[in-house]
Amino acid sequence: KQEVTQIPAALSVPEGENLVLNCSFTDSAIYNLQWFRQDPGKGLTSLLLIQSSQREQTSGRLNASLDKSSGRSTLYIAASQPGDSATYLCAPRGSGAGSYQLTFGKGTKLSVIP
Amino acid sequence: ETGVTQTPRHLVMGMTNKKSLKCEQHLGHNAMYWYKQSAKKPLELMFVYSLEERVENNSVPSRFSPECPNSSHLFLHLHTLQPEDSALYLCASSQIGTGELFFGEGSRLTVL
C-alpha cells in the first residue's frame with residue numbers, strides 16, 4: 001500500500017524567500033505525480049503534473065522534480081508571495097491495476113509573511 | 001460554467017435524512033471521482049467511475065451510494081449518516097490516460 005509523507009508539516013517564511021517542499025512515497029511503481037494547493041475550506045487546485053518518465057516540470061515560479069527510484073519529489077517555489085499561503089499536497093498515481101488511485105499526503109501548510 | 005462544479009456547497013442534515021450531492025464537469029473528461037476529506041486526515045478515495053462504470057469502491061459504507069448517469073455528472077446519495085461522516089466531500093475528474101486530476105470546490109457536510 002502506497003504511503004506518502006510530506007515534510008515539513010508547516011512552514012512560515014518571509015516574503016521573497018525561495019523554499020522547497022518535500023514529498024516521499026514508499027512505492028516507486030507510479031504512473032505520475034501531481035502537486036496541488038488547497039486554500040482553507042476550498043477544493044484542490046492542480047499546480048503541476050510530472051509523468052513517471054520526466055525529471056521535472058516548471059510553471060512560472062514553481063518547479064517540481066521527481067526521483068522515482070528513490071521515491072521523492074520536491075516542489076520549489078521561487079520568490080514567495082503572501083498569495084502563496086496555502087496547504088500544498090502531493091499525490092502519486094499508481095500504475096497498472098492501481099492507476100485509478102491517487103494517494104495523498106497530509107500536506108505542508110505554508111504561510112508567507114509580508 | 002467551467003471546470004468541475006459541485007452543489008450544494010454546504011449541507012446540514014440529520015441522521016435520518018436523505019440528501020444528494022451533485023457534481024458536474026465541463027472538461028470533456030471520462031473519469032470521475034468522489035473523495036472525502038476529514039480534519040487532520042489525508043484525502044480518502046471513495047469511488048471512481050470510468051466511462052460511466054464504477055471501477056473502484058474503497059470499502060465505503062452502504063449509506064453512501066454513488067450514481068453516474070453520464071460522463072459529465074456524478075451524484076453521491078446520502079442516507080442514515082453518522083456524525084463522523086461530517087467532512088468535505090470533493091468531486092474530481094480526469095481524462096483516462098493523461099491522468100491529471102481536476103477538483104471541484106467541495107461540499108461541506110455536517111451531520112447532526
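Chain letters run A, B, ... following the sequence lines, proteins first and then strands; every chain starts at 1.
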**Asked** What part of B/Glu44 gets closer than 4.5 Å to chain A, counting heavy atoms only: side chain, backbone, both or neither?
**Response** neither

**residues 105-114 of chain A: residues contacting chain B (heavy atom under 4.5 Å, by number)** = A/Gly105, A/Lys106

**Prompt:** Under a 4.5 Å side-chain heavy-atom rule over Ile, Leu, Val, Met, Phe, Trp and Tyr, are A/Leu48 and A/Val4 clustered together?
**Reply:** yes

**Message:** Quick one about B/Ser94 and B/His29 (side-chain donor to acceptor, distance below 3.5 Å, no hydrogens or angles considered), yes or no?
**Reply:** no

**Message:** Can you confirm if the aromatic rings of B/Tyr49 and B/Tyr33 lie within a centre distance of less than 6.0 Å?
**Reply:** no

**Fill in**
Looking only at A/Thr45, A/Asp39, A/Leu44, the option with the highest number of non-hydrogen pairs under 4.5 Å against chain B is A/Leu44

**chain A contact via B/Leu90 - which portion, at a heavy-atom distance below 4.5 Å** = side chain

**Other cluster members, B/Val4 - Ile/Leu/Val/Met/Phe/Trp/Tyr, side-chain contacts below 4.5 Å** = B/Leu27, B/Phe102

**Asked** Should the pair B/Arg63-B/Asp85 be classified as a salt bridge under the 4.0 Å nitrogen-to-oxygen rule?
**Response** yes

**Prompt:** Do A/Asn22 and A/Thr74 have side-chain N/O donor and acceptor atoms under 3.5 Å apart?
**Reply:** no

**Item:** Pair B/Phe47 and B/Phe64, ring centroids less than 6.0 Å apart
**Value:** no

